[in-house]
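Please read the structure below before turning to the comments.
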Amino acid sequence: MKTILFAVLTMGVFSIGAGAQNNASLNEEKNAEMKDLKKDIRDVHRDKAARKHELREGDKAEARKLNRDIREDKKDIKEDRRDLREEGVKHPEKRARKQLREQRRHH
């Protein structure tokens with residue numbers, strides 16, 4: 001009877017440990033996705049500023065290149081947002097933008 005109880009408890013402890021490892025890998029994956037989303041948001045912001053500067057200077061060809069970059073970054077944002085929603089993150093783009101605002105405020 002003791003051996004059965006010991007075996008059941010041991011299996012329970014190992015299954016909890018395995019579940020924690022799976023959660024850790026999911027959290028790392030979510031963090032990597034959020035980091036990528038924040039990077040894309042920063043890129044869009046910088047490209048928009050550069051495009052505005054180029055249009056003021058009159059360099060329309062460079063502004064068109066920046067438009068393409070912005071469209072690609074926005075497409076990446078959309079994909080990252082969809083992936084994070086599938087992983088269970090609520091409002092990922094809003095969270096990323098809020099985190100970026102906090103970083104700018106403190107630096």
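Basis for what follows: all heavy atoms, side chains included, without hydrogens, waters or symmetry-related copies.
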Worksheet item: Residues two or more places apart in sequence or in another chain: which of them pass salt bridge (charged side-chain N to carboxylate O under 4.0 Å, His left out) with Arg105?
Response: Glu102

Practice prompt. Establish whether Val44 and Leu66 are linked, either directly or via other cluster members, by ILVMFWY side-chain heavy-atom contacts under 4.5 Å.
Written response: no

Worksheet entry | Nearest-0.5 Å distance that lies between atom CD in Glu29 and atom CG in Asp83 | 8.5 Å

Item to complete: First locate atom CZ of Arg82, then atom CD of Glu87, and finally report the distance between them rounded to the nearest 0.5 Å.
Response: 11.5 Å

Response to the item:
Those residues at least two apart in sequence (or on a different chain) that pass salt bridge (charged side-chain N to carboxylate O under 4.0 Å, His left out) with Glu93 are Arg81, Arg97

Worksheet entry | Flag side-chain contact, heavy atom, 4.5 Å: Lys52 against Lys48 | no

Worksheet entry | Closest heavy-atom pair and its distance - Leu84, Lys30 | CD2-O, 3.8 Å

Practice prompt. Could you note down all residue pairs passing salt bridge (charged side-chain N to carboxylate O under 4.0 Å, His left out) where residues 64-77 supplies at least one of them, sequence neighbours left out?
Written response: none

Item to complete: Apply salt bridge (charged side-chain N to carboxylate O under 4.0 Å, His left out) to Arg51 and list each qualifying residue two or more places apart in sequence or on a separate chain.
Response: none

Item to complete: Tell me, please, which residues at least two apart from Lys98 pass salt bridge (charged side-chain N to carboxylate O under 4.0 Å, His left out).
Response: none

Worksheet item: Nearest 0.5 Å, what's the NE2-CZ distance between His91 and Arg85?
Response: 8.0 Å

Please report, to 0.1 Å, the donor-acceptor pairs under 3.5 Å made by any side chain of residues 33-40, with sequence neighbours excluded.
{"unit_1": "Lys38", "atom_1": "NZ", "unit_2": "Gln99", "atom_2": "OE1", "d": "2.9"}
{"unit_1": "Lys39", "atom_1": "NZ", "unit_2": "Asp43", "atom_2": "OD2", "d": "3.3"}

